[in-house]
**Q** 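Encoded as structure tokens, here's the structure I'll be asking about.
If you read the sequence from its start, that first residue is 1, and numbering goes on from there. One-based numbering, in listed order, for ligands and for the atoms of each.
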Amino acid sequence: MSTAPHIILHVDMDAFFASVEQLDHPELRGRPVIVGARPEERGVVATCSYEARRFGVRSAMPSSTALRLCPQAIIVPVRHERYCEVSDQIMAIFRELTPLVEPVSVDEAFLDITGVPGSADDLEAPARALKQRIRERTGLTASVGVAPNKFLAKLASDLRKPDGLSVMPFASAEIVAFLAPLPVNRIWGVGERTAEELARRGLRHIGQIQQLTSAAVARLCGPTFGPRLWQLANGIDDRPVEPEAREEKSISHEETFIEDIADPVRLRLELLQLVEKVGRRLRQANRLGRTIQLKLRFADFRTITRQQSLPRPTASDRPLVTAALALFERQTLPQPIRLIGFGVSGLVEPRPGLGLRQPSLFDDETGEDPAREQALDRAVDELRALYGDRILRRGKW
Ligand code: TTP
Ligand code: MG
């Protein structure tokens, strides 16, 4: 039986902490930036911009060494909270493409996009679109690898950093030929020590492992590690992409604008789009939300959040939109807006047989028909899944 290959993406943000600092502090752009401890604190470099890498500065290097290599570098302190915020934003973008997202670290994830429409026809297209979306929404660049498995995807994302996109071969003979000249430390899990051990057994390049049988590698490297090493050397890796099992406590989306927006009409439209996305995610997760949250970041980075409980838990667009707009209208806008966010928390499971909203005695009074609303929400979700977000905007709420 032959099955279609998996299509796996590995996405890794470029110089992540340093790029976020350059984004938030435009005067740092184009300059060598080190994120980490100051030399007098005797700490290390967390990461540095590519401008600093040209001087040989690297992660985990003592800051004093780094400054010796690149005296003109600007050192900025680590702001974990901010990087986590951007990380959430990036992971949410990934989840728009597929629910099969496995975050590996703050700036890195695997995505299984097998079966995403069009991905098998043009292997590069989804990765290109994803990079563009990341850039538009966050102002940051990512490097992406496309491959039939996780090991090869991770290898590929590293090939053309920064702002890279690499598609691995998908045919086994080509994969084997691609891997053959690479040093053994490019194999996942082979660190410095293991590489030394392998070198002592005469194995320096991946091709030398390929020449052996799996049984021979097992005799050299042990019954557990050996066969695994042989498989990876031949580009075989059947580990699935494992999305986090954690139960979501809230669902939210946010949008950072390229230029700050002062016009309330445009802001309302942006908010509507966010609400619709959240509504769709709620329905996909089969959850109702009890509380909505609005987030606004002003031009000077001051950020406010406002919460409001809903009359009853819902996953329907219309009550979410009504409540979100009401919350927005209550907010004065002393400055243009840099970022707007919308989320729903207090997630509960719908009671069986009751549809998306729990019924209320007052349904008749509001003139709403829950069954009709639900059918409409579902129809809109299906159309969007098929044709993308821009295909339809509902005319009237
Ligand atoms: P990486 O993805 O390894 O590095 P990077 O994103 O800075 O650069 P690139 O991917 O373009 O090579 O790590 C992601 C972040 O994790 C990085 O920005 C800072 C943090 N980090 C540390 O704090 N200490 C470290 O030793 C490393 C390697 C990373
Ligand atoms: Mg990175």
**Q** Hey, is Glu108 one of the residues with a heavy atom under 4.0 angstrom from ligand 1?
**A** no

**Q** Got an N/O contact under 3.5 Å between Ala15 and ligand 1?
**A**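 There is such a contact, yes.
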
**Q** What protein heavy atom is closest to atom 23 (O) of ligand 1, reported as residue, atom name and distance in Å?
**A**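 Looking only at protein heavy atoms, the one closest to atom 23 (O) of ligand 1 is Ala46 CB, 3.4 Å.
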
**Q** Only heavy atoms count here, so choose which of Met61, Arg53, His80 is nearest to atom 8 (O) of ligand 1.
**A**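 Looking at heavy atoms only, Arg53 sits closest to atom 8 (O) of ligand 1.
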
**Q** Do any non-hydrogen protein atoms sit less than 4.0 Å from atom 11 (O) of ligand 1?
**A** yes

**Q** Considering only heavy atoms, does Tyr50 approach ligand 1 within less than 4.0 Å through its side chain, its backbone, both, or neither?
**A** side chain

**Q** Less than 4.0 angstrom from a charged side-chain N to a carboxylate O is my criterion; do Asp163 and Lys131 meet it?
**A** yes

**Q** Find out whether Leu288 and Leu310 are in side-chain contact, i.e. whether some heavy atom of one side chain is under 4.5 Å from a heavy atom of the other.
**A**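 Contact flag for Leu288/Leu310 side chains = no.
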
**Q** Is any N, O or S atom of Glu108 under 2.8 Å away from the Mg ion (ligand 2)?
**A**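 No.
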
**Q** In ligand 1, which numbered atoms sit nearer than 4.0 Å to a non-hydrogen atom of Asp12?
**A**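 Under 4.0 Å from Asp12, ligand 1 has these atoms: 2 (O), 10 (O).
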
**Q** Ligand 1 and Met13, any nitrogen or oxygen pair closer than 3.5 angstrom?
**A**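 N/O-N/O distance under 3.5 Å: yes.
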
**Q** Report the part of Arg58 in contact with ligand 1, treating N, CA, C, O as backbone and CB onward as side chain, heavy atoms under 4.0 Å; options are side chain, backbone, both, neither.
**A** neither

**Q** Identify whether the distance between the nearest side-chain nitrogen and carboxylate oxygen of Glu196 and Arg193 falls below 4.0 Å.
**A** no

**Q** For the Mg ion (ligand 2), what is the closest N, O or S atom on Asp107?
**A** OD2

**Q** At their closest point, which heavy atom of Ala315 faces which heavy atom of Leu320, and how far apart are they?
**A**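 Closest pair (atom of Ala315, atom of Leu320, distance): C-CD1, 4.4 Å.
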
**Q** Aromatic rings Tyr83 and Phe17: how do their planes relate, parallel, tilted or perpendicular, breaks at 30° and 60°?
**A** parallel

**Q** Salt bridge check: are Arg228 and Asp237 linked by an N-O gap of less than 4.0 Å?
**A**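 Answer for the salt bridge query: yes.
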
**Q** So that I can tick it off, tell me whether Glu102 and Arg239 are bridged by a salt bridge, with the cut-off set at under 4.0 angstrom between side-chain N and carboxylate O.
**A**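 No, Arg239 and Glu102 are not salt-bridged.
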
**Q** Any N/O/S atom, side chain or main chain, of Met13 closer to the Mg ion (ligand 2) than 2.8 Å?
**A** yes

**Q** Answer yes or no: is there an ion pair linking Arg201 with Glu197, defined by an N-O contact shorter than 4.0 Å?
**A**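 Yes, this pair counts.
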
**Q** Which residue and non-hydrogen atom of the protein lie closest to atom 1 (P) of ligand 1, and at what distance in Å?
**A** Asp107 OD2, 4.1 Å

**Q** Identify the closest protein heavy atom to atom 17 (C) of ligand 1: which residue and atom is it, and at what distance?
**A**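 Closest protein heavy atom to atom 17 (C) of ligand 1: Thr47 CB, 3.8 Å.
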
**Q** Output the list of atoms in ligand 1 that are nearer than 4.0 Å to some heavy atom of Phe16, sorted by atom number.
**A** 5 (P), 6 (O), 7 (O), 18 (O)

**Q** Just by distance, no angles: are the side chains of Thr141 and Asp14 close enough, under 3.5 Å, to form a donor-acceptor pair?
**A**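 The answer is yes; a qualifying pair exists.
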
**Q** Any nitrogen or oxygen of Ala18, main chain or side chain, under 3.5 Å from a nitrogen or oxygen of ligand 1?
**A** no

**Q** Which residue is it: Arg137, Glu96, Arg280, Gln273? I am looking for the one with a side-chain contact (heavy atoms from CB on, under 4.5 Å) to His253.
**A** Glu96

**Q** Do Thr47 and Arg53 have side-chain N/O donor and acceptor atoms under 3.5 Å apart?
**A** yes

**Q** For the Mg ion (ligand 2), does an N/O/S atom of Asp12 lie at less than 2.8 Å?
**A**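 Yes, Asp12 qualifies, because one of its backbone or side-chain N, O or S atoms lies under 2.8 Å.
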
